[in-house]
Amino acid sequence: MGAFQTLPGFREFFPEDLARRNHVFRLWRRTANAFGFSEYDAPVLEPLDLYRAKSGDEIETQLFSFTDKGGREVALRPEMTPTVCRLVGERAGTLKRPIKWYSIAEFYRYERMQKGRGRCFFQLNADIFGEPGPEAEIELIALLIQSFTAFGLTAEDVWVRLSDRNLWFFYLEALGLDEPRVRAVLGAVDKFERMGDDAFKPYAEKFGPLDEAIKAKVLAFLQIKSLAGLEQALAAAGGGERLSARLADWKKLLGGLDAMGLSPFVTVDLGVVRGLAYYTGFVFEAFDRKGELRALAGGGRYDDLVAKLGGPELPAAGFAIGDMTFSLLLEQRGLMPPLAPAADVYVVIGGQKEREAAFADIASLRGAGYRVEYPMKEVAFGKQFKAAVESGARIALIYGSEELARGVVKLRDLRSRTEHDVSKAEVASAVRSVFTGQ
RNA sequence: GCGGCCAUAGCUCAGUUGGUUAGAGCACAAGAUUGUGGAUCUUGGGGUCGCGGGUUCGAGCCCCGUUGGCCGCCCCA
């Protein structure tokens, strides 16, 4: 069709597509509001340096970036985190703490398309600023989970894998590794699930083979799946102040989630490291239980980022859920409801005279907020009733010559297939009483 | 950035060893049907066969290129 098509990876939302998207956004919004988060928004186009500052120069290959007519290097936003850090940083001194903010926005990444990944997508972003303790993570992970369960998903469908970059750091340092080596090992941990032993190759190339005793401990640590296992491993590592402080945070976090009834969703899983990005504490990722889809959501603590982007020191944690994989999951589980737009009232019109008589009532019903449809052309009655049913309307109002001669309109209940006359003056109240159930 | 598969109507697809004017179902529209229900029947509109080149008397079909899509790798903030 035509000479022009959408750019690769971009999406068009026909009405039925937009209805599904809006359904997702509506429940996300309701959920975030229930948790006391405030919604914000910000520019789609940002200075390129904002992302260079956060992620380094390589990031540019993954961005829609260009030079604008004023010579500024700009980029379509690939994520919300740097932006929200700037917003909060600007007013950090005057905002009430904790700062709980969310947004539903579109993002753009210049990447190869795959199932559940395109070049444009929407995310629910939720962040808490100003709260350094695991109380923030409790709130965030609870919101994350309720953002799933609001749609009917259960712990049979989704789970959240919970890990801790700080704990890894402290643990590896306790094993005697310096910071560059710790980072290299974390890189291997991140890829171990997918690559197996090959994940340690980059480390070996840089620093020589990893000591076998240490590697065994790393692999054992990586496989820990419970708080008890964590306690054991840390005790074996000789405890230490920082490690026991982390353990206390873990207990608080898991205890809080358990008290909220969310334990069935959450698993200790130190195999999750979330790249090498900017995370500084707890990190978590959500997946479908069957493991058929890409990650549904990801997040964690990033206490240094606001300051790194020029703001004040401000502890922060947050997560994002993408709409593509999430919608796929809802479809797969049959949790995307049929969302055909339905009329409330369909007006059946006899002829030109009756049309004009009907218009006044149509206008006032619409003014009252009812969704009212009528045929734009003169159409046989039989067809109009068919159209009335197909419109999804609850009732049909019949403006025929016989009725109008008697000063009435016929009101037909399309569900019960019953009808009665109402006086022309009382059409609006008759319609209202049908919808309010008298 | 790399690899595999694919591309015919809005959707799902058929299309004979290369042969005349490219078909079906669904969807849409009109009629049967000018006062009452999702049906049925009839009819209709809708195609640069993704695009460009090549081979051939002749290409939807074969060859090359290209664009786009799906799937995977890299990446995934």
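Lettering follows sequence order; numbering is per chain, from 1.
For A:Glu403 and B:G35, a side-chain-to-base donor-acceptor distance below 3.5 Å is present, hydrogens and geometry of angles not being considered. For B:C73, its base never sits under 3.5 Å from the side chain of A:Arg112 at any donor and acceptor pair. Applying the 3.5 Å distance criterion, the base of B:C75 shares a donor-acceptor pair with the side chain of A:Arg117. Not a single donor-acceptor pair, N or O on each side, falls under 3.5 Å between the base of B:C76 and the side chain of A:Arg109. Residue side chain A:Gln384 does not reach the base of B:U36 through any donor-acceptor N/O pair under 3.5 Å, judged by distance alone.
The nucleotide whose nearest atom lies closest to any side-chain atom of A:Arg412 is, among B:U36, B:C70, B:A77, B:U36. For A:Ser401, whose side chain is taken as the heavy atoms from C-beta onward, the closest listed nucleotide among B:G35, B:A77, B:C74 is B:G35. With B:A30, B:C70, B:G72 as the candidates, the nucleotide lying closest to the side chain of A:Met113 is B:C70. In the set B:U34, B:C75, B:U36, the nucleotide with an atom closest to the side chain of A:Ala380 is B:U34. Here the side chain of A:Glu402 is nearest to one of B:G35, B:C75, B:U36, namely B:G35. In this structure, of B:G37, B:A77, B:C76, it is B:G37 that holds the atom nearest to the side chain of A:Arg417. Side-chain atoms of A:Lys383 lie closest to B:G31 of the nucleotides B:G31, B:G72, B:U36. Taking only side-chain atoms of A:Lys54, from C-beta outward, the nucleotide of B:C75, B:G35, B:A77 with the closest atom is B:A77. Considering only the side chain of A:Arg194, B:C75 comes nearest among B:G37, B:C75, B:A77. Taking only side-chain atoms of A:Val389, from C-beta outward, the nucleotide of B:G37, B:C73, B:G69 with the closest atom is B:G37.
Phosphate contact (OP1/OP2 of B:A39, side-chain N/O of A:Lys386, threshold under 4.0 Å): present.
Nucleotide B:U42 has B:A30 as its partner under the Watson-Crick or G-U criteria, with both atom distances under 3.5 Å. The partner of B:C62, taking Watson-Crick or G-U wobble pairs whose two distances both stay under 3.5 Å, is B:G54. With a 3.5 Å ceiling on both atom-pair distances, the Watson-Crick or G-U wobble partner of B:G3 is B:C71. In this structure, B:U36 makes no Watson-Crick or G-U wobble pair, since no nucleotide meets both defining distances under 3.5 angstrom. Remark: B:A14 base-pairs with no nucleotide in the shown strands. Criterion, Watson-Crick or G-U wobble with two distances under 3.5 Å.
Heavy atoms of A:Gly318 sit nowhere under 4.0 angstrom from any nucleic acid atom. When heavy atoms are screened at a 4.0 angstrom cut-off, A:Lys377 is found touching no nucleic acid atom at all.
Between the side chains of A:Thr154 and A:Asp157, at least one donor N or O lies within less than 3.5 Å of an accepting N or O.
Electrostatic pairing of A:Asp41 and A:Arg77 counts as a salt bridge here, judged by a charged N lying under 4.0 Å from a carboxylate O. A:Arg52 has a carboxylate O that lies under 4.0 Å from a charged side-chain N of A:Glu73, or vice versa, which qualifies the two as a salt bridge. With salt bridges taken as basic N to acidic carboxylate O contacts below 4.0 Å, one links A:Glu135 and A:Lys252. Between A:Asp68 and A:Arg72, at least one side-chain nitrogen of the basic residue sits less than 4.0 Å from a carboxylate oxygen of the acidic one, meeting the salt-bridge criterion.
In this structure, the aromatic ring of A:Phe381 is positioned over the six-membered ring of the base of B:G35, centres within 5.5 Å and planes within 30°.
Summarising the geometry, the separation between CD on A:Glu58 and P on B:C74 is reported as 18 Å, rounded to the nearest angstrom.
Cation-pi geometry between A:Arg246 and A:Phe170 is not met at under 6.0 angstrom from the ring centre and within 45 degrees of the axis.
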